[in-house]
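What follows is one structure encoded as structure tokens, with my remarks underneath.
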Amino acid sequence: MKKILLTLAAAFMLAAPAAMAQNYAENLVVSINGESTDPVPASIDVQKKENGTCTFMLKNFMLADSESSIPVGTIVLEGVRMTEADGQTTLETTQTIRIQAGDLADVPTDDWMGPNLGDVPIVMSGKIVGDNLLANIDIDMSELLNQIINVKVGVKEVRNYTEPLVVTINEMSTEPQDVPVQVMTLVDGTCIFRLNNFSLSDGESSIPVGNIVVENVNVENKGQYDAISTSQSILITAGTDENVPADDWMGPGLGEVPLVLNGKMMADNLFVNIDIDMSATLEQIINVKLGTDEGFPEIPEGIEHIDAAQGNATVIYDLNGVRQMQPLSRLAKGVYVVNGRKVVK
């Protein structure tokens with residue numbers, strides 16, 4: 001599959017003069033046709049208004065690869081709806097704007113692409129939680145570039161894995177096939193799981209299904225690895241494999257598909273089990289396994305036979321039952337058993 005986007009450069013914004021303006025420094029990732037950039041620092045201004053809306057601004061937005069760059073411009077969204085509930089503020093808007101020229105000193109005014117795009121439809125949703133901003137921005141450039149550019153704000157890390165995939169239907173399993181998988185972790189403690197161009201194959205024939213993208217996946221740190229889990233319904237979108245006609249992807253015609261996802265991930269290893277409920281369409285549940293759980297440490301539910309501390313002494317063990325001779329303040333981040341109780345540092 002042809003890669004059309006490699007990196008993103010987003011310059012820091014100038015401080016807005018309004019008293020209610022709040023600046024958020026977050027990592028930003030751009031995705032086009034399922035391919036994502038690495039996270040890069042960006043700065044977003046959110047200026048609250050008295051009428052319950054805000055102005056959302058991303059300045060000097062650029063698309064670039066290692067050899068050239070395309071200056072897009074400054075994205076300003078006025079009248080963004082703000083709703084406060086449960087300790088967080090949600091942001092939401094759908095509008096058509098004209099992207100303004102940026103103001104970088106080393107980019108000539110006429111080089112900014114945004115002003116020449118005309119009216120550009122944009123859908124933005126996000127939330128403010130404490131000092132963090134998360135946002136999802138879809139920039140519809142279908143008429144010009146035949147694609148929608150997705151921008152995500154509030155990304156902690158993007159992990160790309162290549163793992164063997166096995167599909168089981170009616171107790172019949174396919175041969176393992178290495179596939180690329182992406183997990184994007186966010187600052188709110190969730191992640192986005194992406195499996196592109198998923199197909200059902202028996203070795204002789206193949207049925208293209210599409211892109212499986214699961215958002216709002218829970219992430220729980222287990223000390224030596226992260227556990228991920230969710231149960232929800234998703235819409236499977238058409239894949240991006242150029243060798244498959246757009247109308248051949250089965251996923252978009254399935255409607256909402258219930259699935260249950262559980263897994264584990266470390267820096268270099270990923271193991272995921274997905275049950276895709278296609279009872280309504282194919283009268284069966286499809287099981288998808290990615291990777292293996294070999295190499296993941298077992299986290300014991302409890303550690304037995306640990307002697308209680310004498311007097312006021314503090315006794316610390318790691319989750320492998322090895323006593324730690326240093327105080328907790330000097331140990332690395334993780335989960336420990338302190339005087340018989342689990343403590344997360």
Side-chain angles (χ1 to χ4, degrees), residues 2 4-14 16-18 21 23-24 26 28-37 40 42-65 68-83 89-104 106-128 133-154 211 213 215 235 237-238 240 246 252:
K2 184 179 179 181
I4 62 173
L5 178 63
L6 301 177
T7 59
L8 169 78
F12 282 94
M13 295 173 55
L14 299 176
N23 178 264
Y24 297 90
E26 301 287 359
L28 180 150
V29 166
V30 170
S31 301
I32 298 180
N33 288 349
E35 296 189 15
S36 302
T37 67
V40 297
S43 185
I44 307 292
D45 267 1
V46 176
Q47 182 179 341
K48 295 182 179 180
K49 306 292 186 179
E50 294 182 356
N51 62 357
T53 67
C54 71
T55 299
F56 180 100
M57 182 183 296
L58 168 64
K59 202 169 186 179
N60 299 322
F61 178 64
M62 301 182 72
L63 300 176
D65 59 24
S68 61
S69 63
I70 302 175
V72 179
T74 295
I75 297 173
V76 181
L77 301 174
E78 301 276 3
V80 177
R81 293 185 296 277
M82 304 184 72
T83 304
T89 302
T90 59
L91 311 176
E92 186 178 10
T93 189
T94 298
Q95 55 183 275
T96 299
I97 68 167
R98 287 181 177 263
I99 299 176
Q100 305 171 14
D103 60 2
L104 293 179
D106 57 346
V107 179
T109 302
D110 293 340
D111 285 359
W112 294 100
M113 181 177 66
N116 298 319
L117 297 176
D119 293 335
V120 178
I122 290 182
V123 178
M124 191 276 286
S125 61
K127 60 183 178 180
I128 299 171
L133 169 70
L134 293 95
N136 184 86
I137 308 170
D138 285 327
I139 306 173
D140 190 346
M141 293 191 178
S142 302
E143 292 188 5
L144 182 68
L145 304 178
N146 195 31
Q147 59 203 6
I148 293 177
I149 296 176
N150 176 260
V151 180
K152 281 189 169 55
V153 177
N211 292 346
V213 181
E215 303 202 17
L235 295 173
T237 60
T240 55

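FYI, side chains are in, hydrogens and waters are out, and symmetry mates aren't considered; it's all heavy atoms of this structure. These numbers were taken from a predicted model, which means no experiment stands behind them.
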Side chains of Glu35 and Thr240, heavy atoms from C-beta outward: is any pair under 4.5 Å? no

Which atom pair, heavy atoms only, marks the closest approach of Met82 to Cys54? SD-CB, 3.2 Å

Can you see which heavy atom on Ser43 is nearest to which on Asn23, and at what distance? OG-ND2, 2.5 Å

Side-chain (Thr37) to main-chain (Val30) donor-acceptor, under 3.5 angstrom: yes

Could you check whether atom CG of Asp110 has more than 12 heavy atoms from other residues, nucleotides or ligands sitting under 6.0 Å from it? no

Shortest non-hydrogen contact from Trp112 toward Pro71: CE3-CB, 3.3 Å

Is Val72 close to Ile149 at the side-chain level, that is, under 4.5 Å between some pair of heavy atoms? no

Could you go through the side-chain contact (heavy atoms from CB on, under 4.5 Å) check for Ile97 and Val76 one step at a time? CA-CA 8 Å; Ile97 68 167; Val76 181; 5.9 Å; no

Would a 4.5 Å heavy-atom cut-off, applied to side chains only, mark Phe56 and Ile122 as touching? no

Point-to-point distance, once rounded to the nearest 0.5 Å, from CD1 of Ile44 to CD1 of Ile137: 6.0 Å

Has Glu143 got more than 12 heavy atoms of other residues, nucleotides or ligands less than 6.0 Å from its CD? no

So Asp45 and Lys59, salt bridge (charged side-chain N to carboxylate O under 4.0 Å, His left out) or not? Walk me through it. CA-CA 9 Å; Asp45 267 1; Lys59 202 169 186 179; over 6 Å; no

For Pro115 and Gln100, work out which heavy atoms get closest and say how close. CG-C, 4.1 Å

Would you say the side chain of Leu235 lies within less than 4.5 Å of the side chain of Pro252, judging by non-hydrogen atoms? no

Nearest non-hydrogen partners of Gly154 and Leu134, listed with the distance: O-CD2, 4.3 Å

side-chain contact (heavy atoms from CB on, under 4.5 Å) with Leu91: of Leu77, Asn136, Val80, Thr53, only one passes, and it is Val80

Any Glu92 side-chain heavy atom under 4.5 Å of Thr90 side chain: no

So, do Ile75 and Val151 sit near enough that their side-chain heavy atoms are less than 4.5 Å apart? no

Rounded distance (nearest 0.5 Å) linking atom CD1 of Ile99 with atom CE of Met141: 4.5 Å

NZ of Lys152 to CG of Leu28: how many Å apart, nearest 0.5 Å? 10.5 Å

For residues Glu78 and Thr55, report the shortest heavy-atom separation together with the two atoms involved. OE1-OG1, 2.6 Å

With distance as the sole test, does Asp103 use its side chain to make a donor-acceptor pair with the main-chain N or O of Asn60 at under 3.5 Å? no

Mind checking the CG-CG spacing from Asp140 to Asp119? Nearest 0.5 Å is all I need. 12.0 Å

